[in-house]
Number of protein chains: 2
Amino acid sequence: MKIGELAKAADTPVETIRYYERSGLLPETARTENNYRIYGEAQRDRLLFIRRCRGLDMSLDEIRLLLRFKDSPDENCAQVNALLDAHIGHVSVRIGELKNLERQLKALRKTCREARESSQCGILNGLSTCQESAPHTGKTGHVHGTHTMKS
Amino acid sequence: MKIGELAKAADTPVETIRYYERSGLLPETARTENNYRIYGEAQRDRLLFIRRCRGLDMSLDEIRLLLRFKDSPDENCAQVNALLDAHIGHVSVRIGELKNLERQLKALRKTCREARESSQCGILNGLSTCQESAPHTGKTGHVHGTHTMKS
DNA sequence: CTTGACTCTATAGCGGCTACGGGGTTTTCA
DNA sequence: TGAAAACCCCGTAGCCGCTATAGAGTCAAG
């Protein structure tokens, strides 16, 4: 199949597929005489694997490692287990951080019940003065921040 | 004070301060005859405000908006309240997504109790076959993924 | 035979920094 | 006093995982 068909089969943008190839997650494929990429089922399955991992918020580096194990079926999978444990740990930590954040944000929100002049706004004033309680350091393994707009 | 002193006062790397200036969050400051930046207390407070907002995972765009309101104390703060509500919403959604993720990851982890050959690894095999249950779309307002290594 | 859908490559942009390189200045300490 | 360390400047490139553009070639339908 051509790249567009693969894109549909794996529900992945064409550009992303090419990007994965550039990044070494997908091997360079055979080409037609017109230089179009041609894929088989094995590559489709590999892409689906990658997308499932991404759906579980793994990094491309982590996925690269998993693929190495998938490609060498006789090796011991202890590292796979460790990777997953670490990933779970990061996710759990990030959940904790976000809950803390949510608490702080809700407390802050309460300080301005209705619209008034900015100078009287409890939120702006709250942000202008010190608050304690465990800041988010950005150093938590690899579970990150709060912003990626799409919609 | 010079930029290094400000950096200490606000616990913020020097490069980040210069970056905020470039991004228009901090105004361009006065300079000494040697072209060193000089800051006063107002700028330090402004930087602290920014850092507190960042600590609450707000984007620089959101912070820019908040600063506009802070700079015009007579305006109505309804937009500030709305911004915070939206931000809280995004954080809550992201918490839900991560919890879902955590559940899936733990289930997956259970499928390989101890180390063995990769071909027998329940995790790798699990990732190779379909699983349902609400994927993380990456379209959730602006609360993002799971990866930013620092440590 | 033209239009539109597809393919290709190479390159730049997103956010929020961080790190480099290559220079100048100021402080410190022997 | 003089050298070394610590600070300051600017500009640029890199991080991640895409996404979007530009400019070109190819192919199928009407």
Side-chain angles (χ1 to χ4, degrees), chain A residues 1-26 28-39 47 50-51 53-64 90 136-139 141-151, chain B residues 1-26 28-39 47 50-51 53-65 87 90 136-139 141-151:
Chain A
M1 62 189 125
K2 288 193 286 179
I3 198 169
E5 302 170 84
L6 177 61
K8 253 170 219 150
D11 194 25
T12 303
V14 167
E15 297 82 2
T16 301
I17 296 174
R18 286 198 281 250
Y19 169 72
Y20 287 160
E21 181 185 308
R22 272 200 310 284
S23 316
L25 288 167
L26 291 173
E28 303 202 3
T29 67
R31 302 279 184 130
T32 67
E33 73 236 351
N34 310 310
N35 203 31
Y36 288 10
R37 291 169 180 84
I38 293 293
Y39 300 91
L47 178 54
I50 295 169
R51 296 300 278 181
C53 292
R54 288 291 300 134
L56 295 171
D57 250 352
M58 295 178 192
S59 71
L60 298 192
D61 264 354
E62 290 173 321
I63 298 171
R64 244 181 291 274
H90 297 325
H136 158 231
T137 59
K139 304 201 182 199
H142 64 188
V143 185
H144 60 195
T146 315
H147 297 268
T148 28
M149 295 256 184
K150 283 293 182 57
S151 51
Chain B
M1 63 190 122
K2 287 192 286 179
I3 197 169
E5 304 170 83
L6 176 61
K8 254 171 218 144
D11 193 26
T12 303
V14 167
E15 296 83 1
T16 302
I17 296 173
R18 284 196 283 249
Y19 169 73
Y20 287 161
E21 182 184 308
R22 269 201 311 284
S23 317
L25 288 166
L26 291 173
E28 304 201 3
T29 65
R31 304 279 184 130
T32 67
E33 74 235 351
N34 311 310
N35 204 29
Y36 287 11
R37 289 169 180 83
I38 293 292
Y39 299 91
L47 177 55
I50 294 168
R51 297 300 278 181
C53 292
R54 287 292 300 133
L56 296 171
D57 250 350
M58 294 177 193
S59 71
L60 298 192
D61 264 355
E62 289 174 321
I63 298 171
R64 243 181 292 273
L65 182 63
H87 188 55
H90 295 327
H136 157 231
T137 59
K139 304 201 181 198
H142 64 189
V143 185
H144 60 194
T146 317
H147 296 267
T148 27
M149 296 255 182
K150 286 293 183 55
S151 50

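Throughout, a chain's letter reflects where its sequence line sits, starting with A, and its residues are numbered from 1.
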Can you check the B:Lys2 NZ to C:dT27 C1' distance for me, whole Å? 8 Å
Here the distance between atom C1' of C:dC8 and atom CD1 of A:Ile3, to the nearest Å, is 9 Å
Within the structure, does a side-chain N or O atom of A:Arg54 lie under 4.0 Å from either OP1 or OP2 of D:dC18? yes
Value in whole Å for how far the C1' atom of D:dG25 lies from CD of A:Glu33: 14 Å
Where along residues 8-23 of chain B does a heavy atom fall under 4.0 Å from DNA chain D? B:Arg18
For atom CG of A:Asp11, decide whether the heavy atoms of other residues, nucleotides or ligands shown that lie under 6.0 angstrom number more than 12. no
A:Leu6 CG - C:dC8 P separation (whole Å): 11 Å
Does a nitrogen or oxygen in the side chain of B:Asn34 sit under 4.0 Å from OP1 or OP2 of C:dT26? yes
Please enumerate all residues that pass salt bridge (charged side-chain N to carboxylate O under 4.0 Å, His left out) together with A:Arg37, with sequence neighbours excluded. A:Glu21
Checking contacts here: which listed nucleotide (D:dT26, D:dC18, D:dC10) is nearest the side-chain heavy atoms of A:Tyr36? D:dT26
Less than 4.5 Å apart, any side-chain heavy atom of B:Tyr20 and any of B:Leu60? yes
For A:Arg64 and D:dC16, is the shortest distance between a side-chain N/O and OP1 or OP2 below 4.0 Å? no
Any idea which heavy atoms bring A:Lys2 and A:Ile38 closest together, and the distance? CG-CD1, 4.2 Å
Starting at CG of B:Asn35 and ending at P of C:dG23, how long is that distance when rounded to a whole Å? 18 Å
Taking 4.0 Å as the cut-off, does a side-chain nitrogen or oxygen of A:Arg37 come that near to OP1 or OP2 on C:dT9? yes
Provide, to the nearest angstrom, the distance between the CG atom belonging to A:Leu47 and the C1' atom belonging to D:dC18. 14 Å
If you look at every heavy atom in B:Pro13 and B:Arg51, which pair is closest and at what distance? CD-NH2, 4.1 Å
Do side-chain atoms of B:Arg54 reach the backbone of B:Ile63 as a donor and acceptor pair under 3.5 angstrom? no
Is it the case that the side chain of B:His87 and the backbone of B:Leu56 share a donor-acceptor pair, with hydrogens and angles ignored and the cut-off at 3.5 Å? yes
Contacts of A:Glu5 and B:Arg51 projected onto DNA chain C by closest heavy atom; the upstream (5') one is A:Glu5
Expressed as a whole number of angstroms, how long is the span from A:Met58:CE to D:dC18:P? 14 Å
